[in-house]
Structure formats: C-alpha cells, structure tokens
There are 2 protein chains.
Amino acid sequence: MEAKVEDRGGIFANHRQPTRIQAVNREIILEAALEVFAIHGFRGSTVDQIAAKAEMSKPNLLYYFRRKQDIYRAVLEHTLADWLAPLAAIDPAGDPIEELRRYITLKLDMSAKRPAASRLFANEVLAGAPVIGDFLETRLRELVHEKAGVIRRWVSESRLAPVDPVHLIFMIWAATQHYADFDVQIRAVLGSQVDKPGFREQTAQAVLSIVLNGIRPRM
Amino acid sequence: MEAKVEDRGGIFANHRQPTRIQAVNREIILEAALEVFAIHGFRGSTVDQIAAKAEMSKPNLLYYFRRKQDIYRAVLEHTLADWLAPLAAIDPAGDPIEELRRYITLKLDMSAKRPAASRLFANEVLAGAPVIGDFLETRLRELVHEKAGVIRRWVSESRLAPVDPVHLIFMIWAATQHYADFDVQIRAVLGSQVDKPGFREQTAQAVLSIVLNGIRPRM
DNA sequence: CTCCGATTTTACCAAATAGTCAAGAATCCG
DNA sequence: CGGATTCTTGACTATTTGGTAAAATCGGAG
C-alpha cells in the first residue's frame with residue numbers, strides 16, 4: 001500500500017521541507033515567545049504580546065503556530081536540550097573538582113547568556129510543570145540519578161567530601177539559575193555593578209569558592 | 001473646622017475598625033489568593049479562581065478588595081515581613097557559623113512550611129518585580145548591605161573563610177528557596193521520598209554541609 | 001511573464017475576564 | 001422587636017483574548 005501520505009494539515013506538523021520564510025519566521029516567533037513566556041509564564045502571556053514582539057500580525061503568527069500552546073511547547077522543546085547539556089557533560093572519568101568546577105561555570109554562563117531560558121523553566125515549574133512534567137519524571141530523573149551515582153563514587157573514593165549528591169546537584173542548579181531568575185532582585189541589591197565587566201567572574205569565583213571550600217575558616 | 005472625615009470609600013482603606021466578618025473573610029481571601037498567585041503569578045491568575053478557592057462569589061470577594069491588584073498587593077505585604085525576618089535576625093554579636101547555620105535552617109523551615117510565599121515572590125520577581133521593586137531597592141538593599149557588613153567583619157576577623165558576603169547571601173536564598181519554588185522538579189527527581197519524615201533534616205544537613213564545609217575533600 | 005501555492009492581512013467571533021450595580025439577606029444594636 | 005448597617009448575590013457590561021475565515025498579496029518555478 002505505502003500510501004503517499006501527502007497529509008493535510010497545512011505547514012504544521014507535517015513532513016514537508018520548510019521554506020526559507022518558514023524557517024526564518026518560526027525562529028523569530030520562538031525568540032519573541034521565549035522573551036514573553038519567560039516573564040509572565042504561559043497563562044500570563046498573550047498571543048498579541050508575542051506577535052507584537054515578533055513584529056508580526058496575530059493571524060500571521062497563528063499561521064505558523066495554530067495555538068498558543070503550540071508556541072509554548074515549541075519554545076520549551078527548543079530550549080530543554082541546551083539547558084540540560086552541561087549536566088550530561090559531566091565526565092565520570094574526569095577529576096571531580098575540575099568536573100564540578102566546569103559544570104558550575106557552564107551553568108553560570110548559560111544563566112548570563114540565556115537568562116530567558118532559565119526564567120521560562122522557572123515559570124513552568126512554578127506553574128506545576130504541566131508541560132514538562134513527564135520529561136522531569138523520566139529523562140531528567142534518570143540523568144540526575146546517573147550523575148548522582150558518579151558523584152557518589154567520587155565520594156566513596158574520597159575524592160570529594162561526604163555529601164549527598166542529589167542535594168549537591170540541586171544546590172548547583174539553585175545557585176546558578178538564581179542569577180538569571182532573580183536578576184531583578186540582584187540588580188536591586190547590587191545596582192549597576194551587575195553590568196560591569198568583571199561581575200560574572202566575581203560571581204563564578206564566589207559560587208565556586210563556597211561550593212568547593214565552604215565558608216568555615218581553614219586554619 | 002476639623003471636619004469629621006467620615007470618609008467615603010466603603011470599608012476599604014479607611015480607618016474604621018473591621019468587623020469580625022471582615023477580619024475573617026479578608027483572611028480567607030488572602031490565603032486563597034496566596035495559593036493562586038503563587039502558582040500562576042499576577043497576570044496568570046483570575047479573580048474567579050481566587051473566589052472559587054475562597055468559596056465565595058466573585059462580587060462578594062470584590063466587596064472586600066475592589067480590584068485584583070488590591071488583593072495582590074495585600075497578599076504581598078502580608079507575606080513580605082515574615083519572609084525577610086530571618087535575615088534581619090542575624091546577630092552581629094553571635095558566633096558566625098552558628099548564626100549562618102540558624103539562618104539557613106530558618107529559611108529551609110520557611111520554604112517547607114510556607115512554600116506558597118516563596119513561589120509568590122519568585123513569580124513577582126520573574127515578572128520584573130512590578131509591585132515590590134521599590135521595596136527591593138530600598139529596604140531589602142539596605143538590609144542586605146547591613147548584614148553583608150557583618151559577614152565582612154567576620155571574614156576580616158578570620159572567623160569565616162574569605163567569601164563575598166553578598167554572593168553568600170544570594171546563595172543561601174537560592175539554595176533554600178529552591179526547595180519551595182522547584183518543589184515539583186524535586187519531587188520528579190526524588191519521588192515520594194520528599195514526603196518522608198526525615199527529608200527536611202536530610203536536606204538541611206546537606207545544604208549546611210556544603211555551605212559550611214564545601215565539597216573539597218579534607219584530609 | 002504567468003500561474004499556483006505560500007504568506008499576509010482585514011474583519012470577524014465566542015469565550016473569558018475584571019469589574020459594576022442594585023436588590024435581597026443577614027447581622028448588629030438600641 | 002425594628003431600623004440601620006453590613007454582607008451577599010444574580011444579572012449585567014466592557015474589554016481582552018484566543019482563534020477563524022476568506023480575501024488579498026507575494027514569490028518562485030517553469
């Protein structure tokens with residue numbers, strides 16, 4: 001049979017090669033949507049806002065993504081892999097301190113370079129993770145347990161101080177994403193200092209120093 | 001003259017003693033609103049949702065708070081002081097490690113007992129802190145700088161390892177509030193374990209161990 | 001150039017939502 | 001009790017919002 005499934009459904013969710021215009025406009029929409037959803041979450045954002053930010057009429061935007069939910073899902077998928085990559089990159093064969101130093105640095109870099117991505121996830125999780133809930137319970141869970149196993153081995157080999165690996169991962173997420181998610185608060189406290197050139201290095205240095213050495217004085 | 005300013009404006013924003021019914025219903029509304037705003041933020045929440053959760057008709061709810069914004073502001077004010085109290089309680093005359101241990105423990109307790117308050121602030125800050133922006137730039141900023149001064153002194157007295165005090169405060173906020181704000185994610189990773197009796201102690205132990213001692217192995 | 005599908009726009013609609021109003025019900029106080 | 005006040009509700013309005021329909025325009029292959 002092998003029906004030639006020239007399946008209807010417009011340009012959406014089909015297998016046709018996207019035109020150049022489609023590729024460009026979808027990208028524009030996803031960027032605009034990321035900014036909007038990152039600030040107000042799914043329910044608090046409007047299609048009009050996204051259309052305005054994309055400099056596109058609302059019906060035109062809905063030509064590329066039929067429904068608000070479709071945009072939201074696309075933005076999340078578009079960002080999820082990148083966001084998780086640094087954790088996946090922890091090398092079981094590497095030096096524990098160096099691997100964690102690199103992980104923390106990478107996460108801080110991402111918070112600085114793509115804060116909207118972090119805020120998007122924060123909003124999604126705050127709302128109860130209605131869309132990425134499954135992902136969290138499967139792939140994220142597996143990845144965390146895998147890397148926790150690596151850290152646990154490092155501890156058992158006395159290459160790290162005794163520490164609960166999962167809580168360590170949580171703390172690294174918290175500390176690094178905080179700089180993206182609570183940027184407004186950090187700016188309120190630190191002012192323009194945040195935009196000075198050395199700030200990111202200073203932040204990385206502080207976070208690394210605490211996580212690696214703690215704050216208890218060493219004699 | 002001394003006009004008897006029996007100022008109009010119903011029961012709102014006036015100086016009259018609230019009736020018992022008013023006190024009770026306002027409290028019910030604030031609790032319901034906290035739950036709702038904590039999940040979806042200001043824009044993503046609806047008055048109907050709040051009314052439903054408060055088991056009250058919408059017009060009745062709006063009899064107590066004329067506008068959605070008024071409820072939101074009231075909830076924020078109602079929660080702000082409590083949320084900041086632990087930081088204010090850090091005692092410059094106390095033992096540094098003990099003071100910070102107590103601070104972290106208190107913040108973790110609040111995250112566990114009043115997660116909605118944490119999520120409410122997270123949503124507000126993610127949205128750009130449109131309501132509490134002023135507060136952040138004044139009272140919070142002052143408080144942080146004051147306590148940062150205390151920590152800085154502790155460091156200079158070698159009672160703490162060298163650490164940037166403001167980043168230390170940020171990290172403590174991040175690590176503790178993470179357990180409230182990202183509860184769904186933590187449950188996805190850890191499952192029912194989160195509800196077991198010892199979990200809070202285990203969390204506190206892990207966070208304290210990392211912040212106080214770091215993860216670098218000590219010989 | 002010309003045609004045809006791809007893209008964009010104009011004009012809509014229905015549902016959701018914030019907020020109003022006036023009348024009815026409950027409560028308080030003398 | 002009885003009247004004044006407080007509280008509650010049903011019915012309503014104006015606006016916002018997600019989404020649709022169809023006509024107009026564009027752009028690229030032949």
Side-chain angles (χ1 to χ4, degrees), chain A residues 4 6-30 32-33 36-37 39-75 127 130-131, chain B residues 4 6-30 32-33 36-37 39-75 127 130-131:
Chain A
K4 38 179 174 137
E6 203 54 277
D7 101 62
R8 287 290 57 229
I11 61 177
F12 314 105
N14 69 3
H15 323 296
R16 217 168 303 167
Q17 182 90 340
T19 68
R20 200 186 67 257
I21 295 180
Q22 278 171 37
V24 168
N25 281 348
R26 278 168 176 271
E27 200 54 43
I28 290 174
I29 292 168
L30 290 180
V36 173
F37 285 134
I39 292 175
H40 288 117
F42 177 74
R43 294 206 24 182
S45 302
T46 72
V47 177
D48 291 276
Q49 278 180 296
I50 300 169
K53 182 146 286 191
E55 295 177 283
M56 194 177 285
S57 72
K58 180 168 62 166
N60 197 15
L61 186 152
L62 288 167
Y63 170 73
Y64 291 101
F65 295 91
R66 277 179 137 78
R67 295 179 304 170
K68 185 183 168 186
Q69 255 205 25
D70 298 340
I71 316 174
Y72 186 65
R73 294 189 120 92
V75 175
V131 172
Chain B
K4 40 181 170 130
E6 204 55 278
D7 103 60
R8 288 289 57 232
I11 60 177
F12 315 104
N14 69 5
H15 322 296
R16 217 169 300 164
Q17 182 92 339
T19 68
R20 199 186 68 258
I21 293 179
Q22 277 171 38
V24 168
N25 281 349
R26 279 168 175 271
E27 200 55 42
I28 290 173
I29 292 168
L30 290 180
V36 174
F37 285 134
I39 292 174
H40 289 116
F42 177 73
R43 295 208 20 189
S45 302
T46 72
V47 177
D48 290 278
Q49 278 180 296
I50 299 169
K53 183 145 285 190
E55 294 176 282
M56 193 177 288
S57 71
K58 180 166 63 167
N60 197 15
L61 186 153
L62 288 167
Y63 169 75
Y64 291 100
F65 295 90
R66 276 178 138 77
R67 296 179 304 169
K68 186 183 166 185
Q69 255 205 23
D70 297 341
I71 315 172
Y72 186 64
R73 295 190 119 91
V75 175
V131 172

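In this text, all values refer to a predicted model and were calculated from it rather than measured experimentally. Order of the sequence lines sets the chain letters (A, B, ...), proteins ahead of strands, with each chain counted from 1.
- Under the rule for a salt bridge (charged side-chain N to carboxylate O under 4.0 Å, His left out), the partners of B/R67 that lie at least two apart in sequence or sit in another chain are B/D70.
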With the sugar-phosphate defined as primed atoms, P, OP1 and OP2, and the base as all remaining atoms, what B/S/- string results for nucleotides 25-30 of chain D, 5' to 3', for protein heavy atoms under 4.0 Å? ---S--
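- Following rounding to the nearest Å, A/D70 (CG) and D/dG18 (P) show an atom-to-atom distance of 13 Å.
- Going from atom CZ of B/R20 over to atom CG of B/N25 covers 10.0 Å, rounded to the nearest 0.5 Å.
- Proximity of B/Y64 to B/I21: side-chain heavy atoms (C-beta onward) are separated by under 4.5 Å at one or more points.
- With sequence neighbours excluded, the residues that form a side chain to side chain contact (heavy atoms under 4.5 Å, CB included) with A/P59 are A/S57.
- Here B/K58 pairs with B/D48 under the salt bridge (charged side-chain N to carboxylate O under 4.0 Å, His left out) rule; sequence neighbours left out.
- Close to D/dT6, at under 4.0 Å from its OP1 or OP2, lies no side-chain N or O of B/N25.
- With contacts defined as side-chain heavy-atom distances shorter than 4.5 Å, the pair A/F37/A/I50 qualifies.
- Within the 4.0 Å cut-off from OP1 or OP2 of D/dC7, not a single side-chain nitrogen or oxygen of B/N60 is found.
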Produce the list of close N/O pairs, under 3.5 Å, pairing protein atoms with atoms of nucleotides 10-19 of chain C; give distances to one decimal.
| unit_1 | atom_1 | unit_2 | atom_2 | d |
| --- | --- | --- | --- | --- |
| C/dA18 | OP1 | B/S45 | O | 3.4 |
| C/dA18 | OP1 | B/K68 | NZ | 3.3 |
| C/dA18 | OP2 | B/V47 | N | 2.9 |
| C/dA18 | N7 | B/K58 | NZ | 2.9 |
| C/dG19 | OP2 | B/K68 | N | 2.8 |

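- Dashed line: the shortest gap from a side-chain N or O of A/Y64 to OP1 or OP2 of C/dT8 is under 4.0 Å.
- The side chain to side chain contact (heavy atoms under 4.5 Å, CB included) test applied to B/A54 returns B/I28, B/A32, B/M56, not counting sequence neighbours.
- Taking side-chain N and O atoms only, B/Q22 has no distance below 4.0 Å to OP1 or OP2 of D/dT6.
- By the 4.5 Å heavy-atom criterion applied to side chains, A/H40 and A/T46 are not counted as neighbours.
- As rounded to whole Å, 13 Å separates atom P of C/dT20 from atom CG of B/L61.
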